[in-house]
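Notes for the one structure printed next.
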Protein chains: 12
Amino acid sequence: MSAQRKPILVVHGPNLNMLGAREPEVYGTTTLAEIDEGLVALAGELGWAIDTFQSNGEGEIVSRIQEGAERNSGLLINPGAYTHTSVAIRDALIASGLSAVEVHLSNIHRREDFRHRSLLADVAVGQVLGFGAASYLLGLRALAGVLDPEK
Amino acid sequence: MSAQRKPILVVHGPNLNMLGAREPEVYGTTTLAEIDEGLVALAGELGWAIDTFQSNGEGEIVSRIQEGAERNSGLLINPGAYTHTSVAIRDALIASGLSAVEVHLSNIHRREDFRHRSLLADVAVGQVLGFGAASYLLGLRALAGVLDPEK
Amino acid sequence: MSAQRKPILVVHGPNLNMLGAREPEVYGTTTLAEIDEGLVALAGELGWAIDTFQSNGEGEIVSRIQEGAERNSGLLINPGAYTHTSVAIRDALIASGLSAVEVHLSNIHRREDFRHRSLLADVAVGQVLGFGAASYLLGLRALAGVLDPEK
Amino acid sequence: MSAQRKPILVVHGPNLNMLGAREPEVYGTTTLAEIDEGLVALAGELGWAIDTFQSNGEGEIVSRIQEGAERNSGLLINPGAYTHTSVAIRDALIASGLSAVEVHLSNIHRREDFRHRSLLADVAVGQVLGFGAASYLLGLRALAGVLDPEK
Amino acid sequence: MSAQRKPILVVHGPNLNMLGAREPEVYGTTTLAEIDEGLVALAGELGWAIDTFQSNGEGEIVSRIQEGAERNSGLLINPGAYTHTSVAIRDALIASGLSAVEVHLSNIHRREDFRHRSLLADVAVGQVLGFGAASYLLGLRALAGVLDPEK
Amino acid sequence: MSAQRKPILVVHGPNLNMLGAREPEVYGTTTLAEIDEGLVALAGELGWAIDTFQSNGEGEIVSRIQEGAERNSGLLINPGAYTHTSVAIRDALIASGLSAVEVHLSNIHRREDFRHRSLLADVAVGQVLGFGAASYLLGLRALAGVLDPEK
Amino acid sequence: MSAQRKPILVVHGPNLNMLGAREPEVYGTTTLAEIDEGLVALAGELGWAIDTFQSNGEGEIVSRIQEGAERNSGLLINPGAYTHTSVAIRDALIASGLSAVEVHLSNIHRREDFRHRSLLADVAVGQVLGFGAASYLLGLRALAGVLDPEK
Amino acid sequence: MSAQRKPILVVHGPNLNMLGAREPEVYGTTTLAEIDEGLVALAGELGWAIDTFQSNGEGEIVSRIQEGAERNSGLLINPGAYTHTSVAIRDALIASGLSAVEVHLSNIHRREDFRHRSLLADVAVGQVLGFGAASYLLGLRALAGVLDPEK
Amino acid sequence: MSAQRKPILVVHGPNLNMLGAREPEVYGTTTLAEIDEGLVALAGELGWAIDTFQSNGEGEIVSRIQEGAERNSGLLINPGAYTHTSVAIRDALIASGLSAVEVHLSNIHRREDFRHRSLLADVAVGQVLGFGAASYLLGLRALAGVLDPEK
Amino acid sequence: MSAQRKPILVVHGPNLNMLGAREPEVYGTTTLAEIDEGLVALAGELGWAIDTFQSNGEGEIVSRIQEGAERNSGLLINPGAYTHTSVAIRDALIASGLSAVEVHLSNIHRREDFRHRSLLADVAVGQVLGFGAASYLLGLRALAGVLDPEK
Amino acid sequence: MSAQRKPILVVHGPNLNMLGAREPEVYGTTTLAEIDEGLVALAGELGWAIDTFQSNGEGEIVSRIQEGAERNSGLLINPGAYTHTSVAIRDALIASGLSAVEVHLSNIHRREDFRHRSLLADVAVGQVLGFGAASYLLGLRALAGVLDPEK
Amino acid sequence: MSAQRKPILVVHGPNLNMLGAREPEVYGTTTLAEIDEGLVALAGELGWAIDTFQSNGEGEIVSRIQEGAERNSGLLINPGAYTHTSVAIRDALIASGLSAVEVHLSNIHRREDFRHRSLLADVAVGQVLGFGAASYLLGLRALAGVLDPEK
C-alpha cells in the first residue's frame with residue numbers, strides 16, 4: 001500500500017440518503033453513514049482512502065465522476081434509480097477513465113422489470129448485488145483487487 | 001379541520017413554470033401562480049394548508065419529496081416530463097411514505113406514445129388527467145379525501 | 001344552471017352491478033346504488049340531472065351511448081372490462097359527439113398488464129382513477145366543469 | 001445583419017466539458033473552448049452573436065433554454081447523453097418557441113442501439129451529425145439560414 | 001338468375017345505424033337506409049335478393065350469421081369495430097360455411113393502428129375498403145361473382 | 001353426495017350451439033345436446049346436478065356467471081371465442097367467487113396464434129383441452145374433485 | 001364521358017407478366033393480356049381509356065407513375081411484391097397527385113406474414129383484394145367512381 | 001381390455017422426484033411414489049399397465065421416449081421445467097409416433113411468464129393442468145380414451 | 001485545391017427528379033436543377049468539381065456508386081426512399097470505399113415511422129437533414145471538410 | 001450426363017461484380033470471373049452447362065429468373081443484398097418452378113442483424129453459406145444432386 | 001493428405017439415432033449408419049479419418065466436443081434440436097478451438113419459427129442445410145476445404 | 001465457526017472444466033483446480049468446508065443441487081451457459097431450499113444479448129460478476145455473510 005495514492009471514490013445515487021428510514025423490508029435498517037463507516041474501515045485494511053459522495057442530482061453525479069479523473073483511483077458506485085435511466089452517468093464513467101464497480105443493496109432482478117436493465121453494467125468492471133450493505137464491502141474488495149491485481 | 005396538521009405538498013415538474021406562456025393550445029392560458037392560488041383557496045375550504053414547489057431539476061424534486069416525509073401530509077404532483085423518465089422520483093415517492101395523487105393538465109393518452117406510460121402511476125393512489133388547471137383542483141379534492149377518509 | 005338542459009348520462013360497464021359483493025379488497029363495500037345516490041346528490045348541487053345505465057353487454061352500452069346523442073349533455077363512464085377490449089364503445093362515444101369523462105374505481109396501473117391500456121382514454125376528455133367511489137364524484141365534477149366551462 | 005438582434009444560444013450537454021480529454025478516438029482532441037471560439041468566429045461572419053452554455057444537469061439545461069425564449073434568437077444544441085433520455089429538454093425546446101438545430105460530434109448511428117433514438121430530432125428543425133467539431137459549424141450555418149431564410 | 005335461390009345476407013356492425021349523422025368527414029352523409037336501398041337495387045340487377053341486418057351486439061351478429069347457414073347464399077359484411085376484436089364473428093363465419101366479402105366505408109389503413117388488423121380478412125373471400133358507400137356496392141358485385149362464377 | 005347442494009353451472013360460449021354441424025374435422029360430430037346428456041349422466045354418478053347455459057353474447061354469459069354466485073356450486077366453462085378476447089367474463093368469474101374449470105374441445109395450441117392465449121386460464125383452477133367432447137367429461141371430474149377434495 | 005379526358009393508368013408489378021403460367025392454384029389461369037382486355041372493355045363502358053404498363057423493375061414503375069402526373073387521370077395498381085417493400089413507389093404515387101386504387105388477385109391476408117402489410121394502402125383511396133381477375137374490374141369501377149363522383 | 005397390449009409410458013421430468021418435499025404450497029404434499037401408485041390403480045381399472053420413468057436429464061428423457069416407440073402404447077408426460085425449454089423432447093415425442101397427453105400439477109398460467117409457453121402442447125393430443133396430483137389421473141383417463149376411442 | 005483531383009459524386013435517389021413539382025409543403029419549390037447549380041457553385045468555391053446523377057432505379061444507383069470507386073473522390077447522397085429499404089446501396093457504398101455524406105431535404109424523424117431508420121447512416125461519415133435545399137450545401141461543405149481535413 | 005438438357009442458371013446479385021476489389025477481409029480476393037470459371041469446370045465434371053448472370057437491378061434479376069422457367073434446369077443464386085429485401089425475387093423463383101440453391105460467400109449470421117433473415121431461404125431447396133468461393137461450388141454440387149437424385 | 005493428422009469429429013445431436021424410422025416425409029429413409037458410411041467413404045477420398053458420435057444428451061455432446069480439442073482436427077455437427085436451445089454447445093465449440101461446419105437434413109427455414117434461429121451459426125465457419133443426407137457430405141467437403149485451404 | 005455444520009456446495013456449470021485452456025482473453029489463465037483451491041482456503045478462514053462439483057450435464061447439476069438439500073448449507077454457483085437456458089436448475093435451486101449466490105467470471109452484460117438474462121438471478125440471494133476468479137471468492141464471502149448474518 002502507498003499512502004500517496006489517490007482515494008477511491010464512492011458514489012451513492014438518489015434516495016440513498018434516506019437509507020435506514022426508507023423501506024426497511026427492502027433495504028434494511030443500516031444508514032448511509034454506517035455504510036460509509038464500514039467502507040472507510042475496510043478500505044483502511046486494504047490500504048486505501050475513501051472519498052464519499054451522495055447526490056439526488058444526475059448532473060451533480062456526472063460532475064463528481066468527472067473530477068474523479070484527476071482526484072481518484074477508482075469508482076465504487078451504487079447508482080440507485082439512475083442505474084436504469086442515465087446515459088449521462090455512463091458517459092461520465094467512460095470519460096473519467098476510472099475502473100468502476102457497480103453495487104446494489106437489493107436484488108434488482110427480483111423487482112420491477114424496468115430495474116433489470118443497467119445502463120452502467122457493461123462499462124463497469126463488474127457488479128455485486130443483492131447482499132444489502134455487504135454489497136458495498138464486497139464491491140470495495142473487488143475494486144481493490146482490480147486496482148492492485150498483483151496483491 | 002385541524003390547524004396543527006402538516007400542509008399538503010404540491011410539486012410542479014419541469015417547464016410548468018412556463019405555463020400560460022407555453023403552448024396555450026395544449027395547456028391553456030392559466031399561469032402557475034393562478035393555479036397555486038386556486039389550490040390555496042380550495043385547500044382552505046377543505047381544511048388544509050399548501051406548500052408549493054416547482055423545479056426543472058429531477059434531483060431537486062427528489063430532495064423536496066424526501067423532505068415531505070417530515071414536513072407534509074400528502075403529495076399532489078404533476079411530474080411533467082419526468083412522469084415518463086424518472087425512476088428517482090418514483091423511488092423518492094415510495095421512500096417518503098406519502099400518499100400521492102398524480103395530475104396532468106393535458107390528456108397524455110392523446111399525445112406522443114412515450115407520454116402514455118407513467119413511472120409513477122402505480123405507486124400513486126390515483127390519477128386525474130386531461131382537465132387543464134381543473135386537474136389540480138380535482139386532484140386536491142381526491143387527495144384530501146384519501147387523507148381524511150371519514151370526512 | 002338551467003333546469004331544461006339534458007341530463008348527464010352515467011354508464012357503468014360489466015360486473016359493476018356486483019359492486020359491494022365483489023372483491024371488497026379491490027373495490028370496497030359501496031354498492032352501485034349507493035354510488036348512484038351520491039352522483040344524484042352531487043349533480044343536484046352542480047345543477048344537473050343524471051341518467052344512469054348499467055349493462056353487462058357491449059352492444060347495449062353502445063346503443064345507450066348512441067341514444068345519448070339526443071337525450072344527454074355529457075357522459076360519465078366507467079367502462080369496466082370493456083375499457084381494454086371495446087373498439088365499439090370507443091366508436092359509439094365518438095359518434096355520439098358527447099364530451100366524456102372516464103373513471104375507474106381501482107388504480108388500473110397496479111393491476112394486470114392488459115388493464116393498463118384504455119381504448120377510450122384518448123377519445124375521452126380526461127380520466128380519473130384509483131379513488132374508489134370518489135372517482136365517480138370527481139369525474140362528475142370534472143365533466144360539469146367541461147360542460148359549463150365559465151362556471 | 002443587425003447588431004440589435006438577440007444572440008444565438010449554444011447549449012452543450014453533459015460531459016462535453018470533458019472534450020479533448022475524453023475518448024479522443026471517438027470525439028477527437030479539440031476542446032470545448034476551441035469549439036466555442038470557432039463558433040464565435042463563424043457567427044461573426046454570419047452576423048450573429050453567440051451565448052454559450054454547458055451543463056451536466058438536465059434541469060439547468062431546461063432552465064437555460066426557457067430563458068432563451070426572451071434572450072435568444074435560435075438554439076444550437078448538442079444534447080449529449082440527454083439526447084436519448086430527456087423529455088424535459090424536448091418540452092423546454094417546444095415551450096421556448098426557438099428554432100433549434102441538433103448537432104452531434106460522433107455518428108450516433110454507429111454506436112450503441114440506445115443512442116440511435118433522439119427525443120429531440122422531430123422537434124428540432126434538423127440534425128447535423130458525425131463530423132466532429134465541424135458538426136457545430138455546419139449546424140450554426142444551418143441555423144443562420146433558418147433564421148435569415150432570405151439571405 | 002333464379003328466383004328460388006336464397007338471398008344474400010348483408011350484415012352491418014356496431015354504430016353503422018348512426019351513419020349519416022356520424023362523423024360525416026370520415027363516413028360521408030349517406031344513411032344506412034340509403035345504402036340498403038342501393039344494395040337492393042343492384043342485387044336485383046344481379047339476380048339476387050337481400051336480407052339486411054344491423055346490430056350493435058356481437059352475440060346477435062354471431063347468431064344471425066349462424067342462421068345464414070340455412071337461410072342465405074352468401075354474406076356481405078361490414079363488421080365495423082368488431083373487425084378488430086371479434087373472434088366470435090370469425091368463428092360464426094367459418095361455422096356458417098358462407099362465402100363472405102368484407103367491406104369498409106373508410107380506408108382502415110389510414111386510421112389508428114389497431115384498425116389495421118382484421119380478424120375476418122383471412123377467412124373472407126376478399127376485401128373492398130375505402131370507397132364510402134360504394135364499397136358495399138363493389139363488395140356485392142364481388143360476392144355475386146363468387147357465387148355465380150360462370151356468369 | 002348431497003341432494004341439497006347447488007348444481008354445477010356449465011357454460012358453453014359462442015358458436016358451440018353449432019356443434020356437430022360445424023367443422024367436424026376440427027370439432028367432431030357430437031352435438032351440444034349430446035355433450036350435455038353426457039355431462040348430466042356423469043354428474044349424476046359423481047353426485048351433482050347440472051345447469052347448462054349456452055349463449056353467443058358476452059354480456060349474457062357475464063350475467064349468467066354472476067347469477068351463479070347464488071345459484072351454483074362451481075363452473076365448468078368452454079368460453080369458445082371469448083377465451084381470447086373477454087376481460088368481462090374473466091371479471092365475472094372472479095366476482096362470482098366460483099371455482100372454475102376451463103375446457104376446450106380442440107387443442108388451441110395447434111391453431112391460430114391468437115387462440116394460444118386464454119384470458120381465463122390464470123383465474124380458473126385448471127384447464128383440460130384437446131380431447132373433443134371428452135374434455136368436458138374430464139373437466140367435470142376435475143371440478144367435482146376440487147369441490148369435494150376429500151372424496 | 002368525355003373523349004378528351006386522359007386515360008387511366010393501369011400498373012402491373014413484378015411477375016404479373018407470368019400470370020396464367022404462374023401458380024394457377026393461387027392466381028388462376030387468366031393471363032395478363034386477358035385481364036387487360038377485360039379492363040379495356042369495362043373502361044369503354046365506363047367512358048374511359050386505359051394505358052397499361054407492366055414492369056419487374058421498381059425504378060421503372062416509379063418513372064411510369066411520375067409520367068402519369070401529366071398523362072393520366074387516375075391509377076389502378078397491382079403492385080405485386082413491391083406492395084410490401086417499396087417506399088419509392090409510395091413516394092411516386094404521392095408525388096404524382098393521382099387518385100389510386102390498389103388491387104390484388106389473391107387475398108394477401110391468407111399468405112405469409114410479410115404480405116399482410118401494404119406500404120401503399122394508406123396513400124391509395126382504397127383496396128380491392130382476393131377476387132382473382134375480378135379484383136381489377138372492381139378496382140376499375142371503384143376508381144371510375146372516385147374520378148366521376150357525381151356519376 | 002387386452003393383457004397383451006403394451007403399457008402406457010408415464011414420464012416425470014426434472015425435480016418431480018422432489019415432490020412432497022418441494023414447495024408444498026405450490027405442489028402439495030403427495031409424493032411421486034404416491035402418484036405412481038394412483039396411476040397404477042386407475043390404469044388397472046381402465047385395462048392398462050404402466051411404465052414409469054423419472055429423470056432430471058433431458059437426454060435421458062429423450063432416450064426413454066424413443067424406446068417407447070417399441071415398448072409402449074401411449075405417453076403421459078409431465079415435462080416439468082423442460083416443458084418450456086426442450087425442443088429435443090418435442091422431437092422425440094414426434095419421432096416416437098406415440099399419442100401423448102401433457103399434464104401439470106400447477107396452473108402454469110398463474111406462474112412466471114416463461115412458464116406460459118409449452119414447446120410440447122401443440123404436438124401432444126391435449127393438456128390437463130392445475131389440479132395437483134389429480135392432473136395425472138385425469139390425463140391418464142384422457143389418454144386411455146384416445147387409445148381406445150370406442151370404449 | 002488541386003484541379004486534377006477527381007470530382008465529388010452527387011447522387012439523388014428516386015422521385016427527386018420531381019422536386020419543385022412534388023409536395024411543395026414538404027419539399028419546397030426549388031427544382032433539382034437549381035439544387036445542382038447551387039452545388040456546382042459552392043463546389044467551385046471549395047475547389048471541387050461535381051458529377052451529378054439521379055435515378056429512380058436501385059440497381060442503377062448501385063452501379064453508379066460502384067463506378068465512383070474509380071471516377072470520384074467522395075459521395076454526397078440523398079437516397080430518397082431507398083434510405084429505408086436498400087441494403088444494396090449500402091453495400092455499394094461500402095464496396096466503393098468512398099467517404100459519403102447522407103443528406104435529406106425534410107426532417108425524416110417527423111415523418112412516418114418507417115422513415116426514421118436509415119440503412120446508410122452508420123456507413124456514411126455523417127448526416128445532414130431537415131434544412132431543405134440547404135441540406136445539400138451543408139452536406140457538401142461537410143464532405144469537403146472530410147476529404148481535405150487540414151483545410 | 002445428357003448434352004441436351006438445359007443449363008443451370010447461376011445468378012449473382014448486386015455488387016458481386018465488385019468481387020475481389022471489394023472488402024477482401026470479408027469476401028476474399030477471388031473475382032467473379034474466377035468463380036464462374038470454377039463453376040463451369042465443376043459443372044462440366046457433373047455433366048451440366050452453366051448460364052451465368054449478374055445484375056445490380058432487382059427487376060433484371062426477376063426477369064432473368066422468369067426466363068429460366070423455359071431456358072434452365074435449376075438455379076444457383078447468391079442474391080447478395082436482395083436476400084434480405086426482395087419479395088419480388090422470391091416470387092420470381094416460385095413462379096419459375098425451378099429448384100434453387102441459395103449460396104453466400106460470407107457467414108451472414110456473423111453480420112448485421114438485418115442480414116440474418118433471408119426472404120428466399122424457405123422457398124429454396126437449401127442453403128450453403130460461409131465458405132467463400134467454395135460456397136458456390138458446394139451449392140452447385142448440391143443442386144446437381146437435387147436435379148439428378150439417383151446419381 | 002497426411003495419415004498422421006487427427007480425424008474429423010462428426011457429432012449427431014438428439015433424435016438423429018432415430019433416422020430412417022423417424023418422419024420419413026421430413027428426413028428421408030436413410031439411416032444414421034448409412035450416413036456415417038457415406039461420410040467415411042468421402043472422408044477417405046478427401047484424405048481424412050472420421051470419429052462419429054451421437055448423443056441425446058446436451059452435456060455429453062459438450063464433453064465430446066471438449067475432447068475434440070485434443071483428439072480432432074475439425075468438427076462436422078448436426079446439432080438437431082440443440083441448434084436452437086444450447087448455449088452450452090456453443091460455448092464448447094468456442095472453447096475447443098475447432099473449425100466447425102453446421103449441417104441440417106431439412107430446411108430449417110421452412111419449419112416452426114423457433115427452428116429458424118441457430119445458436120451455433122455465427123460461431124461455425126458456415127452452414128449447409130436442406131439437402132437431406134447430402135447436407136452431411138457437402139458439409140464434410142466444406143470442412144475439408146477449410147482445414148486444407150491450399151488444396 | 002462450527003465444525004459440525006454442513007459444507008457449502010460449489011457448482012461449476014458446463015465448460016468450466018476447460019478453464020485456463022479456454023479463451024484466456026475472456027476467462028483468464030487460472031484453472032478450475034486453482035479456483036477450487038482458493039475457495040477451500042478462503043472457506044477455511046471463514047469457518048466453512050466446501051463440496052465442489054462440475055458437470056457439463058444439466059440433469060446432473062439438477063441432481064447434485066437436490067442432494068444439497070440434505071448435504072449442504074448453501075450454494076455458490078457459476079451456472080455457465082445454463083444461466084440463460086435452464087429452468088430445471090432454477091427449479092432445483094428453489095426445491096433445495098438453499099440460499100444461493102450466483103457468480104460469473106466474465107461481465108455477462110458485455111457479451112451477446114442472450115447472455116444478459118439469467119434465469120437464476122431472481123431466485124438467488126444475489127450476484128457477483130465480472131471479476132474473473134475473484135468473483136468466486138467474493139461470492140463465497142457474500143454467501144458466508146448470508147449464512148452467518150450476525151458475524
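Keep in mind that the numbers below use all heavy atoms, side chains included, and drop hydrogens, waters and symmetry copies. Only a predicted model underlies this, so the values are computations on that prediction, with no experimental measurement involved. Proteins get letters first, then strands, A, B, ... in listed order; numbering begins at 1 in each.
Note: L:Phe114 and L:His84 have perpendicular aromatic rings, judged against thresholds of 30 and 60 degrees for the angle between ring planes.
Considering only residues two or more places apart in sequence or on other chains, K:Phe131 meets the ring pair (Phe, Tyr, Trp, His ring centres under 6.0 Å) condition with none of them. Contacts of L:Arg117 classified as salt bridge (charged side-chain N to carboxylate O under 4.0 Å, His left out), with partners at least two apart in sequence or in another chain: none.
By the 4.0 Å N-to-carboxylate-O rule, K:Arg64 lies close enough to K:Asp51 to be salt-bridged with it.
Only the backbone of K:Thr85 comes within contact range of chain L, with at least one heavy atom under 4.5 Å from a heavy atom of that chain. Of the atoms belonging to L:Glu112, it is side-chain heavy atoms, and not backbone ones, that fall under 4.5 Å from chain K. For K:Leu119, the part sitting under 4.5 Å from any heavy atom of chain L is the side chain, from C-beta outward, and nothing else.
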